[in-house]
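Have a look at the structure below, then the notes.
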Amino acid sequence: MQEEALREHSVVARALLSLFYAKFDPADGGAAAKREAAVKELVDKIDRALQDVASLDHDRALRRLSLLIQAIKRTNYFQTGEDGESKPYISIKIASRELADVPAPKPYREIFVWAPHVEGAHLRFGPRGAWRPALV
């Protein structure tokens, strides 16, 4: 459903990517206030574009993606290794309690890690302490 919604609503899809870049790309950034203004502007643009989405399922999927990006607190996506190339893994820290659709009990933070050889999650239920599920 998400892929279909993104494919059929390219304006929203591009705005979601722009939102991610505005929040995290050091090349797009600058001062924190400048980033915050850009993020707010993009969130408003996404909300306006969602008014044109006729399908309730597509609207729901796109809104969830927007809220997910807004709930991301940190990522290594734009970091490079010593060789200057992108790192072969990605990690994303999400403030799960900011997402209404996440079922209870909601972790304080979810840190998702993916690499070609491993994928896993680190759940924090408070600022200290964590539960680490087995890596898949």
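Values below: all heavy atoms of this structure, side chains included; hydrogens, waters and symmetry mates excluded. If you're wondering where the values come from, they're calculated on a predicted model, not measured in any experiment.
- A distance of 11.5 Å separates CH2 of W114 from CD1 of I92, quoted to the nearest 0.5 Å.
- Heavy-atom minimum distance, L99 versus K106: O-NZ, 2.7 Å.
- For the atom pair CG (L50) and CG (L62), the distance works out to 6.0 Å, reported to the nearest 0.5 Å.
- Through direct or relayed side-chain contacts under 4.5 Å between Ile, Leu, Val, Met, Phe, Trp and Tyr, L17 connects to no other residue.
- With rounding to the nearest 0.5 angstrom, the CZ atom of R109 is 11.5 Å from the NE2 atom of H122.
- Residues satisfying the ring-ring contact (aromatic ring centres under 6.0 Å, His included) test with F20, not counting sequence neighbours, are F24, Y77, F78.
- For K45, the NZ atom sits in a loose shell: 12 or fewer heavy atoms of surrounding residues, nucleotides or ligands are nearer than 6.0 Å.
- Atom CG of D47 and atom CG of L42 lie 11.0 Å apart (nearest 0.5 Å).
- Partners of K40 by side chain to side chain donor-acceptor pair (under 3.5 Å), not counting sequence neighbours, listed by chain and number: D44.
- Listed by chain and residue number, E4, H9 satisfy the side chain to side chain donor-acceptor pair (under 3.5 Å) test with H58 (two or more places apart in sequence, or in another chain).
- Remark: the backbone N or O of Q70 is paired with a side-chain donor or acceptor of K23 at under 3.5 angstrom.
- Smallest separation of non-hydrogen atoms from S66 and L19: O-CD2, 4.2 Å.
- Within the structure, salt bridge (charged side-chain N to carboxylate O under 4.0 Å, His left out) contacts touching residues 72-90 (residues at least two apart or in different chains) are K73-E98.
- The nearest pair of heavy atoms linking P116 to P88 is CD-O, 3.1 Å.
- V113 belongs to a hydrophobic cluster whose remaining members, ordered by chain and number, are I111; membership requires side-chain heavy atoms of ILVMFWY residues under 4.5 Å apart, directly or through intermediates.
- In this structure, the side chains of D101 and L67 stay at 4.5 Å or more apart for every pair of heavy atoms.
- With hydrogens and angles disregarded, no donor-acceptor distance shorter than 3.5 Å links the side chain of R124 to the backbone of Y108.
- Residue N76 comes nearest to S91 through the heavy atom pair OD1-N, 2.6 Å, listed as atom of the first residue, atom of the second, then distance.
- Of all the heavy atoms in R35 and D25, the pair that sits closest is NH2-O, 3.0 Å.
- With hydrophobic clusters built from ILVMFWY side chains whose heavy atoms lie under 4.5 angstrom apart, Y21 shares a cluster with I90.
- Across all their heavy atoms, S96 and P107 have their closest contact at CB-O, 3.3 Å.
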Check: Taking it one step at a time, do L65 and L6 satisfy side-chain contact (heavy atoms from CB on, under 4.5 Å)?
Finding: CA-CA 10 Å; L65 287 171; L6 290 166; 4.0 Å; yes
